[in-house]
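Because the structure is a prediction, the values reported are computed rather than measured. Chain naming here is simple, since letters A, B, ... match the order of the sequence lines and numbering starts at 1 in each.
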Protein chains: 2
Amino acid sequence: MNLILLSPDDFIDPKTRVRLCDHRYVHVRDIHRAGVGDELKVGLIGGRVGAGKITSLTEGALEMDVRFDQDPPPALAVTLILALPRPNILKRSLQTASAMGVKRIFLVNSARVEKSFWLSPVLRPERVREQMVLGLEQAVDTILPEVELRPLFKPFVEDELAGLIRGTQALAAHPESPTPCPRSVNQPVTLLIGPEGGLIPYEVEKLTALGFTPVHLGKRVLRVDTAVPALLARLF
Amino acid sequence: MNLILLSPDDFIDPKTRVRLCDHRYVHVRDIHRAGVGDELKVGLIGGRVGAGKITSLTEGALEMDVRFDQDPPPALAVTLILALPRPNILKRSLQTASAMGVKRIFLVNSARVEKSFWLSPVLRPERVREQMVLGLEQAVDTILPEVELRPLFKPFVEDELAGLIRGTQALAAHPESPTPCPRSVNQPVTLLIGPEGGLIPYEVEKLTALGFTPVHLGKRVLRVDTAVPALLARLF
């Protein structure tokens, strides 16, 4: 936790003093081992980054005087579309995407997505948010990504995707493609990553017809939670 | 598991028939849901890749006739030096590095490595191997990385590191550096990744004096298991 992420509920004095008694308090006490007078990096969710000076640290709660004087780091100009991965891989992928600066994520269906994945409690908004907060805390960011679920592939592709990719370089990670993933692009990207087992030919065709370029990252098939940081680091 | 990794012990008939009754058997039965006559991708640990045709699948064991006709994918020209991360991060970092084609890994001490990490059972050779096998199975590779432990920073840097980095581009991931990590390098790399909390100035100085260039990956501080794939994908 490189940043203590604050929400309006944490304030006991408008704008300057917060009181924490949840896992953030425990973290500051046990991991940072901070004391009264110490300064910690803080950020206001959806807002700016700054410092919090601990004014009180008792059994069960800490209070800090906070000020916000910096913008969060810039976002990546990418829309990430993931074929819904298994729950534990989804958790890590959300965390990583959020840490790396992705601000818009679609979780979509695809032929090789196990139907049961759509029933996972990890997809509940509060659980999705939890993972993304971990990513923001890691990367000292405050802006939560927007996550949207699209449990039907065909209407998503036919009705929505053409609009989404307008003005962007649309890439579909597909290990069988002959085209290597471009490096250091200078325009917004829509990046689609298929499921374990890959996209089926029908899906590749639909995407290509829309304007997606299938691209590969080498001969090695990577798990989605590895492909996400690898592709983002290569593109940006 | 995109590859069933075989070892000499699995062979019941020299060179052509294997018998599996461990987790690989369970995986083939329950995840691949394969049956007699089906072909699966197999690899001989340290050797070539090929196909195995299931000849028998009973309660408790499967047998396959195997042939090996392809080389494993090329390795990355990199030596990876990690300040020993927390055990769960270490596991994922080993898995990812192994999947991406790293073949030489040093786990080293550094001022901000928690001493207790050196006592983790995850460092036992069989546990380290377990993680790397997962990476190879994912990436359809057969060549295990060599992993070496260096629980003392100073002698490692003073006695060994100059030799290791000879003929390579030596880079130390250091978020505070003004130099961005290079892209698509065409020479072997020695890549050092510091601990959570970063390298201390003394360590940066020692490394710089040896010929390391401190490099950053942007403003965001990434966790080691995210930094590993991000840096490797950017460098190669």
Problem set entry | Asp71(A) bridged to Arg48(A) by N-O distance under 4.0 Å | yes
Exercise. Which one of Glu196(A), Gln95(A), Arg92(A) has the most heavy-atom pairs closer than 4.5 Å to chain B?
Worked result: Arg92(A)
Exercise. Do Leu6(B) and Phe68(B) have side-chain heavy atoms sitting under 4.5 Å apart?
Worked result: yes
Problem set entry | Pairing of Glu130(B) and Lys91(B) as salt bridge, 4.0 angstrom limit | no
Exercise. Out of Cys181(A), Gly101(A), Pro72(A), which one racks up the most heavy-atom pairs below 4.5 Å with chain B?
Worked result: Gly101(A)
For this session: Taking only Lys NZ, Arg NE, NH1 and NH2, and the carboxylate oxygens of Asp or Glu, determine whether Lys103(A) and Asp141(A) approach each other closer than 4.0 Å.
Result: yes
Problem set entry | Verdict with reasoning, Arg234(A) to Val215(A), per side-chain contact (heavy atoms from CB on, under 4.5 Å) | CA-CA 12 Å; Arg234(A) 182 155 160 146; Val215(A) 294; over 6 Å; no
Seminar exercise, completed: Honestly, the part of Pro74(B) sitting under 4.5 Å from a heavy atom of chain A is both
Exercise. Which of the residues Asn2(A), Val140(A), Leu222(A) is involved in the greatest number of heavy-atom pairs with chain B at under 4.5 angstrom?
Worked result: Leu222(A)
Seminar exercise, completed: chain A shares the most heavy-atom pairs under 4.5 Å, among Lys219(B), Arg220(B), Met100(B), with Arg220(B)
